[in-house]
Participant: 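If you scroll down you'll find the structure; I have some questions about it.
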Amino acid sequence: MVEPTYKDHWELLGGVVEADESPYAAVVREVLEELSLAAPIGRLLVVDWVPPGRHPSDGVMLVYDGGTLHPDQTAAISLPAQELRSWAWCDHAAAERRLTGVLARRVAAASRARTEGTTAYLEDGYIVG
């Protein structure tokens, strides 16, 4: 997880898909931009529809499997200081403390999906179906 400089809570690494860019390509780009890390990105774990509220319209959030990093990859992580204050590995309890409710639910669903070899569909962080 990352701690943005422009928010008062922690977030999942990521960003917005740009014009003519696939969601997968966006994840690869965001990991490189935010962590200076060219790591292989795995399969899709979560699709989460987010209703209008904090954002002006609804949206779809995707969570991909970031795999397991080797110690040398972890040591090479470098953050853009103007955007990110810090990053951390977090277990479920730490994620619950640091993330907003919807993000904590999304992370828990992603963890389950990775363990079970499935993909979860959520609405506002809650499992549907």
Side-chain angles (χ1 to χ4, degrees):
M1 291 187 296
V2 294
E3 183 183 18
T5 58
Y6 53 91
K7 293 183 179 178
D8 61 357
H9 62 273
W10 286 68
E11 283 275 353
L12 296 179
L13 179 70
V16 175
V17 176
E18 296 177 357
D20 300 320
E21 181 178 49
S22 75
Y24 186 85
V27 161
V28 171
R29 175 183 52 76
E30 288 287 348
V31 169
L32 185 58
E33 287 177 3
E34 295 186 2
L35 300 181
S36 299
L37 188 62
I41 304 300
R43 67 183 186 80
L44 180 65
L45 297 174
V46 169
V47 176
D48 189 3
W49 174 78
V50 180
R54 246 187 287 174
H55 305 283
S57 62
D58 63 345
V60 175
M61 305 298 172
L62 306 175
V63 179
Y64 288 87
D65 187 343
T68 301
L69 298 181
H70 298 287
D72 57 328
Q73 290 173 301
T74 301
I77 291 174
S78 174
L79 305 176
Q82 72 283 4
E83 188 175 348
L84 298 175
R85 186 174 294 114
S86 60
W87 71 274
W89 298 121
C90 294
D91 61 16
H92 291 287
E96 290 267 333
R97 284 192 309 274
R98 290 181 171 171
L99 297 173
T100 63
V102 66
L103 289 176
R105 293 189 300 272
R106 193 177 300 150
V107 166
S111 180
R112 280 191 305 276
R114 186 174 195 241
T115 299
E116 296 169 1
T118 61
T119 300
Y121 174 72
L122 314 176
E123 291 188 356
D124 202 26
Y126 295 102
I127 294 176
V128 175

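For clarity, every value in this text was computed on a predicted model and none was experimentally measured.
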Participant: With clusters defined by side-chain heavy atoms of hydrophobic residues (ILVMFWY) lying less than 4.5 Å apart, directly or transitively, does V102 cluster with V63?
Facilitator: yes
Participant: Assess whether side chain to side chain contact (heavy atoms under 4.5 Å, CB included) is satisfied between L35 and L79, documenting all intermediate values.
Facilitator: CA-CA 5 Å; L35 300 181; L79 305 176; 3.6 Å; yes
Participant: Out of curiosity, R114 CZ to L45 CG, how far, rounded to the nearest 0.5 Å?
Facilitator: 7.5 Å
Participant: Start with the C-alpha gap between Y64 and V28, add the side-chain angles, then the distance that decides, and say whether side chain to side chain contact (heavy atoms under 4.5 Å, CB included) holds.
Facilitator: CA-CA 10 Å; Y64 288 87; V28 171; over 6 Å; no
Participant: Using the rule that two of Ile, Leu, Val, Met, Phe, Trp, Tyr join whenever any of their side-chain heavy atoms come within less than 4.5 Å, decide whether V128 and V60 are in one cluster.
Facilitator: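 V128 clusters together with V60.
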Participant: Quick one: list whatever passes side-chain hydrogen bond (donor to acceptor under 3.5 Å, both in side chains) with Y126, sequence neighbours left out.
Facilitator: R105
Participant: Provide the closest heavy-atom pair for A95 versus V107 in the form atom of the first, atom of the second, distance.
Facilitator: CB-CG1, 4.4 Å
Participant: Please give me the minimum heavy-atom distance between S78 and S36, naming the atom from each residue.
Facilitator: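 Where S78 meets S36 most closely, the heavy atoms are O-OG, 3.3 Å.
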Participant: Would E33 and E83 count as a side chain to side chain contact (heavy atoms under 4.5 Å, CB included) here? Give the steps.
Facilitator: CA-CA 10 Å; E33 287 177 3; E83 188 175 348; over 6 Å; no
Participant: So, the side chain of S86 versus the backbone of E3: is there a donor-acceptor pair under 3.5 Å, distance only?
Facilitator: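 No; zero donor-acceptor contacts below 3.5 Å.
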Participant: What are the two closest non-hydrogen atoms of G14 and E34, and how far apart are they?
Facilitator: O-OE2, 2.9 Å
Participant: Scan for ring pair (Phe, Tyr, Trp, His ring centres under 6.0 Å) pairs involving residues 90-111, sequence neighbours excluded, and state none if there are none.
Facilitator: none
Participant: Under 3.5 Å, is there a donor-acceptor pair between the side chain of T115 and the main chain of S111?
Facilitator: yes
Participant: Is any side-chain heavy atom of L12 closer than 4.5 Å to a side-chain heavy atom of M61?
Facilitator: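 L12 vs M61: side chains apart.
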Participant: How far does CD of E11 sit from CE of M1, to the nearest 0.5 angstrom?
Facilitator: 10.5 Å
Participant: Of the non-hydrogen atoms in V31 and L13, which two are nearest, and what is the gap between them?
Facilitator: CG2-CD2, 3.6 Å
Participant: If you group Ile, Leu, Val, Met, Phe, Trp and Tyr by side-chain heavy-atom gaps below 4.5 Å, do I41 and I77 land in one group?
Facilitator: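 Same cluster.
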Participant: Give the cluster check for V46 versus L44: same hydrophobic cluster or not, with ILVMFWY residues linked at side-chain heavy-atom distances below 4.5 Å.
Facilitator: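 They do not share one cluster, since no chain of ILVMFWY contacts under 4.5 Å joins V46 to L44.
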Participant: About how many Å separate CH2 of W89 and CG of L69, when rounded to the nearest 0.5 Å?
Facilitator: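 The CH2 atom of W89 is 4.0 Å from CG of L69, to the nearest 0.5 Å.
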Participant: Step by step, would you call I127 with R112 a side chain to side chain contact (heavy atoms under 4.5 Å, CB included)?
Facilitator: CA-CA 11 Å; I127 294 176; R112 280 191 305 276; 3.1 Å; yes
Participant: Rounded to the nearest 0.5 Å, what's the gap from CG on L84 to OG1 on T5? Could you check?
Facilitator: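 One finds 7.0 Å between CG of L84 and OG1 of T5.
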Participant: Please report the closest heavy-atom contact between R98 and C90, naming both atoms and the distance.
Facilitator: NH1-SG, 3.3 Å
Participant: Under a single-linkage definition using a 4.5 Å side-chain heavy-atom cutoff for Ile, Leu, Val, Met, Phe, Trp and Tyr, are L103 and V2 assigned to the same hydrophobic cluster?
Facilitator: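 They do not share one cluster, since no chain of ILVMFWY contacts under 4.5 Å joins L103 to V2.
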Participant: Could you report the tightest heavy-atom contact between E30 and G15, atom names first, then the distance?
Facilitator: OE2-CA, 3.5 Å
Participant: Test: side-chain hydrogen bond (donor to acceptor under 3.5 Å, both in side chains). Region: residues 39-51. Which pairs qualify, not counting sequence neighbours?
Facilitator: D48-R106, W49-D58
